[in-house]
Amino acid sequence: MKKLRTRRQIALRRILAAILCLLALVGLSLLSKLPYLSPSSAIAAAERELACGPTEVLAQRREGEATFLLSWNDQVLLANMVSPAFWRGNILPGQPLYYADRTRDAQQGIAAAGFRFYNQDTRQGWGQWAGLVTGWPEAVSVRLTGPEAPEPMEAALQPTGKGDRYFWIHRPYTGEALCPSYTQITLLDEAGHALTTAPITNPEHFTIISPSQGVALF
């Protein structure tokens, strides 16, 4: 005759079943986030959040364990970051790092945006700015300026392959405070003469973190 289970055995089995269910839920949660660690999935998630339609990758760069991606279409210029590092602050997987709305923010044929990051513990950070230029065939480079910036930054314009051109600047920074804000972009011709100027979208977009205190401020 089969031996009957004791109450203790029944209780242990129920506890084990509850633990297995909990582990399964945690596993499903982790698996749901794994696709966002791929660049293509991160871009797709950002496209869904902005409802901007599919974008085409212009460029990507690797900085430490973070991969930055720049993509675009006729509506937006979109920057994403893929990184397992916690110092993304409150930026969720698949959330765009920053973007410029070409249908709303473009002025003088220029749509530009930026983002700044600063780690209070290490006193290190970076600033990143990107933009698209439509028209202005005589323009060969851009100059970024701002009231807080100690000196302007310049970058060459690169072809998109579809008639427009773009720039993308990543500037590491070490100091006591957040990387200076750049608020204006100027197009320059081959001789360095200014052609036109336009504002940079949301120049105060930034994240400051203090890992030792577990704090992220925007």
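- Using a 3.5 Å distance cut-off with no hydrogens or angles, the side chains of Trp168 and Gln128 do pair a donor with an acceptor.
- No side-chain donor-acceptor contact under 3.5 Å links Tyr118 and Gln124.
- Cluster membership for Ile185 and Leu195, using ILVMFWY side-chain heavy atoms within less than 4.5 angstrom, is shared.
- For the pair Arg171/Met153, a side-chain contact is recorded, criterion being any heavy-atom separation below 4.5 Å from C-beta on.
- Placement of Ile200 and Phe167 within a single hydrophobic cluster is found when ILVMFWY residues are connected by side-chain heavy-atom separations under 4.5 Å, directly or transitively.
- Residue Arg61 places its CZ atom among more than 12 non-hydrogen atoms of other residues, nucleotides or ligands, all under 6.0 Å distant.
- Hydrophobic clustering (ILVMFWY, side-chain heavy atoms < 4.5 Å, transitive): Trp129 and Leu157 are in one cluster.
- A pairwise comparison of heavy atoms in Val82 and Ala42 identifies CG2-CB, 3.7 Å as the closest pair.
- By the 4.5 Å heavy-atom criterion applied to side chains, Pro172 and His170 are counted as neighbours.
- A heavy-atom distance below 4.5 Å is found between the side chains of Leu69 and Ile43.
- Side-chain N/O atoms of Ser40 and Ser38 include a donor and acceptor closer than 3.5 Å.
- Side chains of Glu47 and Thr55: a donor on one and an acceptor on the other come within 3.5 Å.
- The main-chain N or O of Gly135 is found under 3.5 Å from a side-chain atom of Arg165 such that the two form a donor-acceptor pair.
- A tilted orientation is assigned to the rings of Phe115 and Trp126, their planes being inclined by 30° to 60°.
- Of the charged side-chain nitrogens involved, at least one lies within less than 4.0 Å of a carboxylate oxygen, so that Arg102 and Asp164 count as a salt-bridged pair.
- Taking the six-membered ring for Trp, Trp72 and Tyr166 have ring centres at least 6.0 Å apart.
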